[in-house]
Amino acid sequence: MIIASNFKTNHTRQSTCAYLDTLQQFTEKSGSRQDILVFPPATALDRFSVASNIRVGVQNAYPVDKGSFTGEIGLEQIDEFGLRTILIGHSERRHIFGETQALCAKKYDYFKSKGFEIVYCIGEPEEVRKAGIDAVVDYNLEQLEGIDLSYEKLIVAYEPVWAIGTGLSASVAQIDETHRRLRETIKAPLLYGGSVKPETTKEILEIENCDGVLVGTASWNVDNFCRMIEIADSL
Ligand code: 13P
């Protein structure tokens with residue numbers, strides 16, 4: 001399974017180091033078999049010495065080697081730390097920062113050409129969910145426009161916008177139905193994200209077409225995140 005933590009705009013350089021130390025000790029001790037991904041903020045990136053099943057990635061980057069893109073980081077800044085995992089298309093980037101599908105696809109192509117492992121996020125807003133499953137599937141498939149689904153280092157995260165940071169996760173039945181429908185098109189590992197908590201991790205990971213979770217809020221506490229990994233190990 002893939003168990004991923006998106007720090008968003010949380011944690012500092014210092015607390016990220018402490019977090020990864022604890023995580024590393026936990027996985028060493030438990031012998032965890034999970035694929036663990038951690039996305040700290042850009043200011044906390046570093047060349048971390050962690051086990052090979054823990055990969056640190058970037059939450060966002062501009063699709064350039066380097067250049068004049070104030071406030072962004074490019075390949076040169078990521079390369080300094082030898083990182084090769086990136087999150088693209090997160091709903092906060094799409095909705096708060098106005099990233100278009102064309103920009104998401106451009107980022108995807110660029111980082112794919114550099115051999116990155118890409119966690120590509122899709123997810124519908126509440127009004128689309130209210131319109132029913134066919135509308136949900138259509139909306140999510142539109143967010144795959146221009147995305148090469150045969151890329152071997154692709155991981156897709158289905159994160160309904162209405163479930164992100166709200167404490168209101170999609171139900172097991174909703175995730176099950178949506179993943180089953182998306183699976184007809186997406187062969188890559190398919191994660192669920194949106195208010196996942198330690199208490200809901202087991203039931204979500206047991207869903208047939210769910211290959212892992214992408215967690216925000218609940219994962220910012222390292223003990224909670226370790227509990228989720230432990231739950232995945234127990235399945
Ligand atoms: P929450 O777990 O806080 O809902 O965030 C999910 C998410 O956006 C992960 O990328």
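Computed from a prediction, not measured in an experiment: that's the story for all the values here. Start at 1 and go down the list; that is how both ligands and their atoms are numbered. For the numbers below, each heavy atom of this structure counts, side chains included, while hydrogens, waters and symmetry mates do not.
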For the residue pair K106 and P63, what are the closest heavy atoms and their distance? O-CB, 4.1 Å

Name the closest protein heavy atom to atom 3 (O) of ligand 1, giving the residue it belongs to and the distance to 0.1 Å. T217 OG1, 2.4 Å

Hey, does G193 sit under 4.0 Å from ligand 1 if you only count heavy atoms? no

Looking at ligand 1, is there an atom of it that comes within less than 4.0 Å of some heavy atom belonging to G165? yes

Element-labelled atoms of ligand 1 that are located less than 4.0 Å from some non-hydrogen atom of [X]:
X    : result
G216 : 1 (P), 2 (O), 3 (O), 5 (O), 6 (C), 9 (C)
A163 : 4 (O)
E159 : 6 (C), 7 (C), 8 (O), 9 (C), 10 (O)
L214 : 9 (C), 10 (O)
S195 : 1 (P), 2 (O), 4 (O)
I164 : 4 (O), 5 (O), 8 (O)

Linked, directly or transitively: L235 and F26 (ILVMFWY side chains, under 4.5 Å): yes

Option nearest atom 10 (O) of ligand 1 (shortest heavy-atom distance, choices K8, Q59, E92, H90): H90

Charged N to carboxylate O below 4.0 Å: is that the case for D176 and R180? yes

N-O pairing of R183 and E208 below 4.0 Å: no

Is the ring pair H179/Y192 parallel, tilted or perpendicular, if the boundaries are 30 and 60 degrees? tilted

Check this for me: K202, atom NZ, are more than 12 non-hydrogen atoms of other residues, nucleotides or ligands nearer than 6.0 Å? no

Surrounding CD of Q14 (heavy atoms of other residues, nucleotides or ligands, distance under 6.0 Å), is the total greater than 12? no

